[in-house]
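Computed over heavy atoms, backbone and side chain alike; hydrogens, waters and symmetry mates excluded. A note on names: the letters A, B, ... follow the listed sequences, proteins ahead of strands, and every chain is numbered from 1.
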Amino acid sequence: MINKTVKNADEAVKDVFSNAVLMFGGFGLSGIPENSIKALLEKDLKDLTCISNNAGVDDFGIGLMLQKRMVKKMISSYVGENAEFERQLLSGELEVELIPQGTLAERVRAGGAGIPAFFTPAGVGTEVAEGKEIREFDGKLYLLERWLKADFAFVKAWKGDTAGNLVFKGTARNFNPMMAAAGKITIAEVEELVPAGELNPNEIHTPGIYVQRIFQGKDYEKRIEQRTVRK
Amino acid sequence: MINKTVKNADEAVKDVFSNAVLMFGGFGLSGIPENSIKALLEKDLKDLTCISNNAGVDDFGIGLMLQKRMVKKMISSYVGENAEFERQLLSGELEVELIPQGTLAERVRAGGAGIPAFFTPAGVGTEVAEGKEIREFDGKLYLLERWLKADFAFVKAWKGDTAGNLVFKGTARNFNPMMAAAGKITIAEVEELVPAGELNPNEIHTPGIYVQRIFQGKDYEKRIEQRTVRK
Amino acid sequence: MLNKDQIAQRIAKEVKNGQYINLGIGIPTLVANYIPDDLEVVLQSENGLLGIGPFPTEDKVDPDLINAGKQTITMTKGSALFSSAESFAMIRGGHVQLTILGAMEVSENGDIANWKIPGKMVKGMGGAMDLVASADNIIVAMQHCSKDGQSKLLKECSLPITGIRCVKKIVTDLAVLDVLPEGGFKLLERAPGVSVEEIQSKTEGKLVVEGEIPEMTFEV
Amino acid sequence: MLNKDQIAQRIAKEVKNGQYINLGIGIPTLVANYIPDDLEVVLQSENGLLGIGPFPTEDKVDPDLINAGKQTITMTKGSALFSSAESFAMIRGGHVQLTILGAMEVSENGDIANWKIPGKMVKGMGGAMDLVASADNIIVAMQHCSKDGQSKLLKECSLPITGIRCVKKIVTDLAVLDVLPEGGFKLLERAPGVSVEEIQSKTEGKLVVEGEIPEMTFEV
């Protein structure tokens, strides 16, 4: 097996460059590559294009990259919980492309899967359809959407092995598997890194072929946005 | 949880009708729905359209449905090991649509995923491209391919639960997950049926939402086409 | 007038046995509390779960298990986890049969607006555009009027829309209404103490009233 | 002239450390036997496996674990299993870097035919059309001539083709040749005892010969 292990986050992100297109797995603050984001914050980067369903919150996750003005453009489906994101968007400081969540997931999946374009019903008749080809199939209207790829994709898994195979946990899976496949260089951080052969091949969510670098993450905060409990 | 259990194969296939479009999971003889096929062979059916990567061998699997002349049309990627299939094809008795294997997998996936059409590079410049739209993206040529759906999809899993969740084993997974999603009525047979809650939610390959009926299969032959061993 | 819980309670009566259902953020999430125990339904969370259970007890809170509103949740027996691509494959493929979501505006032909107020507020569409373009049955939970008394049931949406001709039924604080295939809000039920005239005066779009309109009742 | 094992052995020299490789049915499958132990490579099977191991011992035969040629196999350490859709996502997406497959004919511009003889034989294209349309590097293992002595390295394919302008390198029983981007078979090596003249006479397409053409050597 090909060994994909690198020492740590700093080594993993060493060749990330300004103007690059980056993808970040995660939904809300669940399943985000915390270690890689921290390492990126230490670097002198600007004019990044970031593809991520959300943009973290003001003081955590990609929100910190927005605060540091490292990001030229965000491609996301939801701004919701991030006041700084919404402010930069409304003021025009930040270029934002908002995409329906399922279209975002499928465009990223298409990027990894070598499908340059596909038709989807989401957004027909809305401003999302502007400038896009519309076509009818079996009596229903669909939009033509293009694939999305990245120079670097950052994903976070629960377990991983040295061959780059990944297993996610709970709803922290979300966008991570598709993004792993859509990065020219995919960097995976895991809570537990094990030798190749220790994961059950039948239980792997992301095969190692998609992962170029893997490292054992540390000090996970795993913040909760909406702690909701039963009485 | 919604209980999808039916008693046996006969009950599962009771409303399959002539002229229906059927999908069958499996690659070669691995992961084929043996019990459902046997039950279909007992029914008075004709003019079926069968979508399956292969067509079994002469005396097993879908091969038996060909022998009984139940099939009007096969949609497959490979005829290879089936002399009767090749004979009916060459003589014109059987209508056959041969599709590149990856295109077949993706067309079925698209059917389940609500993607009416997508572009793929496979088949450009070949007879597969005849009558299809060709378009260039980023300097490369692609064909537009349509989704595939079925009236009934027959899949075979290793384990399943009463909610219809499925886990496959080894390379017996193959086309089964996509076909499960592309059937109006999906019938799953499993080697081991367990109560909902016994499978780990993180290890499920096909979520129960795609499965309308599930039953505990029996007497699996699991034939091997090319028994190959090390000395 | 209905409060939020009563709107949720009324919507829960629309749920049928055996359905897979996606509940949006806000009032729709409350619907789960009122689905009768004898119905077997499965709640889908578009971030990758079939089988949403109740909120966790304090000791069971797991940051790796949240719903689409980022709330901590639990899983029911027989649940399944998957990626966002698989989740929207389910939605787009029509496997999720009922979608319940909130709205800022609905038009009389079933258009819905719920993601943006130009220049003032942008939440993003999240999964809503996929959901409304895909599910066969879409029920909207909303307030009948804005805080300053403007009707939100309109001839045409004034805000950027989320989807066209998709809403089938609306439950507001004042009424239950169907969106007719030919256009128009058909009044089905009145909230306790609310007259047809009041509903008429607060509905800008075409309101269709036929025969007696019953008042809703709630078992306590 | 090379026998099948020698063709496989020669192709194995093209394999680079760290590659993900798909091996077709027949001679390509034999290549696995000659990949040097010090190279870390992963073999992909398009029916859903990364990490094909050696054939099993009799007691380890598993009908649920086969390769694309339907042969029983084993898995290496660190392997992963997946669906056919995921498998071809890998292939189509360019993640599988090297494809080695057989051919009935190859043309001087890199077209390949290997799935059908009209009216006589139809195997089906299986995964070959996806593989040749997707991988950056495609090496063909084939016999230089048919049994009745007709060249299979042609100006244009006479059989229905599998893919256009895709073959990069060919290893036959007589020679190793590159397909030039501008068209033509560039002769790189001769099989032991085979002359340039013989290769020329058995190659219908344009053969490019520059300088001395070395004879292949095989370590025993």
Legend entry - Ile224(A), part contacting chain C, at a heavy-atom distance under 4.5 Å: side chain
Inset, instruction - Under 4.5 Å heavy-atom distance to chain C, tell me which part of Glu191(A) shows up: side chain, backbone, both or neither. - result: side chain
Is there side-chain contact between [X] and [Y], with heavy atoms separated by less than 4.5 Å?
X: Ser134(C); Y: Pro121(A); value: yes
X: Phe55(C); Y: Val229(A); value: no
X: His205(A); Y: Phe82(C); value: no
X: Asp64(C); Y: Lys222(A); value: yes
X: Arg227(A); Y: Val61(C); value: yes

When only pairs under 4.5 Å are counted, which of [options] shares the most heavy-atom pairs with chain A?
options: Thr72(C), Val132(C), Asn67(C); value: Thr72(C)
options: Glu58(C), Met75(C), Lys123(C); value: Lys123(C)
options: Ala133(C), Ala113(C), Pro160(C); value: Ala133(C)
options: Ser83(C), Gly127(C), Gly48(C); value: Ser83(C)

If I measure from the heavy atoms of chain A, does [X] come under 4.5 Å with its side chain, its backbone, both, or neither?
X: Asp111(C); result: neither
X: Ile161(C); result: both
X: Val122(C); result: both
X: Ile73(C); result: neither

Legend entry - Exercise: identify the closest heavy-atom pair between Pro100(A) and Met129(C): CG-SD, 3.7 Å
Legend entry - Residue pair Lys120(C) / Leu90(A): nearest heavy atoms and the distance that separates them: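 Closest approach of Lys120(C) to Leu90(A), heavy atoms only: O-CD1, 3.5 Å.
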Please indicate whether [X] has more than 12 foreign heavy atoms, meaning atoms of other residues, nucleotides or ligands, lying under 6.0 Å from its [atom1].
X: Asp59(A); atom1: CG; value: yes
X: Lys218(A); atom1: NZ; value: no
X: Asp37(C); atom1: CG; value: no
X: Glu97(A); atom1: CD; value: yes

Inset, instruction - From the options Ile99(A), Leu98(A), Thr103(A), select the one residue that forms a side-chain contact (heavy atoms from CB on, under 4.5 Å) with Met125(C). - result: Leu98(A)
Inset, instruction - May I ask you to list the residues in residues 169-184 of chain A that approach chain C closer than 4.5 angstrom, counting heavy atoms only, ordered by number? - result: Lys169(A), Gly170(A), Thr171(A), Ala172(A), Arg173(A), Asn174(A), Phe175(A), Pro177(A), Met178(A)
Inset, instruction - Using a heavy-atom cutoff of under 4.5 Å, enumerate the residues of residues 125-151 of chain A that contact chain C, numbered in order, or state 'none'. - result: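 Gly125(A), Thr126(A), Glu127(A), Val128(A), Lys140(A) fall under the 4.5 Å cut-off.
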Could you tell me the separation between the [atom1] atom of [X] and the [atom2] atom of [Y], rounded to the nearest 0.5 Å?
X: Phe27(A); Y: Ile66(C); atom1: CZ; atom2: CD1; value: 6.0 Å
X: Ile25(C); Y: Tyr78(A); atom1: CD1; atom2: OH; value: 4.5 Å
X: Ser77(A); Y: Phe88(C); atom1: OG; atom2: CZ; value: 7.0 Å

Inset, instruction - Identify the residues of residues 164-184 of chain C whose heavy atoms come closer than 4.5 Å to a heavy atom of chain A, ordered by number, or report 'none'. - result: Ile164(C)
With a cut-off of 3.5 Å and sequence neighbours excluded, list every side-chain donor-acceptor pair involving residues 38-46 of chain C.
from     : atom 1 : to       : atom 2 : distance (Å)
Gln44(C) : OE1    : Asn22(C) : ND2    : 2.9
Gln44(C) : NE2    : Ser87(C) : O      : 3.4
Gln44(C) : NE2    : Ser87(C) : OG     : 3.1
Ser45(C) : OG     : Asn47(C) : OD1    : 2.6
Ser45(C) : OG     : Ala68(C) : N      : 3.1
Glu46(C) : OE1    : Asn22(C) : ND2    : 3.0

Legend entry - Side-chain donor or acceptor of Arg92(C) paired with backbone N/O of Gly102(A) under 3.5 Å: yes
Legend entry - Any donor-acceptor N/O pair, Ser84(C) side chain to Ala105(A) backbone, under 3.5 Å: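 Side chain of Ser84(C) to backbone of Ala105(A), a donor-acceptor pair under 3.5 Å: no, none is there.
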